[in-house]
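All remarks here apply to the structure that follows.
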Amino acid sequence: MSRIFSGIQPSGELHIGNYLGAVKNWVQLQYEYESIFCIVDYHAITVQYDPTQLRARRRDMAVSLLASGIDPERAALFVQSAVPEHTELAWIFNTITPLGELERQTQFKEKAQRQESIAAGLLNYPVLQAADILLYRADRVPVGEDQVQHLELSRVVSRRWNALFGRPTGKRADDGSEERETYFPEPQAVLTPTRRIMGLDGQAKMSKSMNNTIGLLEKSDEIWAKLRPAVTDPKRIRKTDPGTPEVCNVYHLHRAFSPTATVEHVAVQCRSAGWGCIDCKKVLAESMERELVPVRRRAEELRAEPSRVDDALADGAARCRAIARETMCDVRERMGFDAAQSA
Ligand code: SF4
């Protein structure tokens, strides 16, 4: 069975953008692949942060993921810093990754523009990502379109390490050079089916830093307070103006939460000015409630019984640590270190 790895930052409770854009897909994938899901707290410290909040956010993220349907009996869910081999392998990969390739990463360029002082960790972020994936020799990675470039870097790192340190197979490659084993796979993208979810401002991707989110665990009145003023088709000024659903974020949220018949009805009502945007949003709020009430209920149960969250994370970390140690033993041995030290 193929193995998938995916990580999420410990940003506290999930919002519907990362629920629809990643986690809902993970819940499906855990039935199709051997699945490893990681709360990547070492990635979260590449920008300034508060240690107390980091602890609380890691916990809130674990609750959100389990409440969303990640099943610890099926998938390994764990916190990155509980498996120190991630940083050991990242260091090794740093030594074979050219600086130029990191400087070309679009996400680095975007994030660096917003920082006064740029930490080396921000530049090396994709190297740690490569280590996260390859530590488990995962061959599939569920990603959104904006992560494809980072995944390509993981493939480059994998190829380069195999060529330098893979054991000789005793055969000759097509170019006459000595063929080496493919120790690390070249992970392939499993593209997330939901296109990226825009924020309620309709301007940018839904993100806590943009303050344009709806929390996955927010109560119905809180959701409505945010949904009511959400930006719609800007050309639909009066109720009598026909709209274009494809340009409206509310329509895209209908596509994520409402049944197909409702989505078709929304499009017809919008184009014909058969209803106003508030009517449309009320129907969306009902669809969201149908999906999110059970998630909220599970989150409440988990908060009332914190040992269930602790046990799930401890079990996931133990499973992942065993795989990680095995990989690092092989890596150390092939690179001329004492393999036994990480066993
Ligand atoms: S009717 Fe619905 S889909 Fe059309 S613009 Fe208004 S909120 Fe958007």
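First listed ligand is number 1; within each ligand, the first listed atom is number 1.
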Query raised in the report: So which bit of V250 gets within less than 4.0 Å of ligand 1, heavy atoms only: side chain, backbone, both or neither?
Result: side chain
Query - atom 1 (S) of ligand 1 [closest protein heavy-atom partner, distance rounded to 0.1 Å] - result: R236 NH1, 3.0 Å
Query raised in the report: Do P259 and R290 touch side chain to side chain, with heavy atoms closer than 4.5 Å?
Result: yes
Report summary line: min-distance protein heavy atom vs atom 7 (S) of ligand 1 -> T232 CG2, 3.5 Å
Query raised in the report: Which residue holds the protein heavy atom closest to atom 4 (Fe) of ligand 1, what is that atom called, and what is the gap in Å?
Result: C270 SG, 2.3 Å
Query raised in the report: Would you say I39 and P10 make side-chain contact, with heavy atoms under 4.5 Å?
Result: yes
Query raised in the report: Does at least one non-hydrogen atom of K281 fall below 4.0 angstrom from an atom of ligand 1?
Result: no
Query - Geometric class of the F78/Y136 ring pair [parallel <30°, tilted 30-60°, perpendicular >60°] - result: perpendicular
Query raised in the report: Which atoms from ligand 1 have a heavy atom of W275 less than 4.0 Å away?
Result: 1 (S)
Query raised in the report: Do L292 and F257 touch side chain to side chain, with heavy atoms closer than 4.5 Å?
Result: yes
Query raised in the report: Which atoms of ligand 1 have any heavy atom of D233 under 4.0 Å away?
Result: 5 (S)
Query raised in the report: With side chains defined as the heavy atoms from C-beta onward, is the minimum distance between W26 and Q30 less than 4.5 Å?
Result: no
**Report entry** Within reach of ligand 1, part of C277 (heavy-atom separation under 4.0 Å)
**Finding:** both
Query raised in the report: Less than 4.5 Å apart, any side-chain heavy atom of Q9 and any of K208?
Result: no
Requested in this report: Measure the distances from the heavy atoms of C248 to every atom of ligand 1 and state whether one is below 4.0 angstrom.
Outcome: yes
Report task. Flag H254 as yes if one of its N/O/S atoms falls below 2.8 Å of atom 2 (Fe) of ligand 1, otherwise no. Result -> no
Report task. Starting at CD1 of I214, measure out to CG of L200 and round the result to the nearest 0.5 Å. Result -> 4.5 Å
Query raised in the report: Quick one: does R321's side chain have a donor or acceptor within less than 3.5 Å of a partner on A82's backbone?
Result: yes
**Report entry** atom 2 (Fe) of ligand 1 [closest protein heavy-atom partner, distance rounded to 0.1 Å]
**Finding:** C280 SG, 2.4 Å
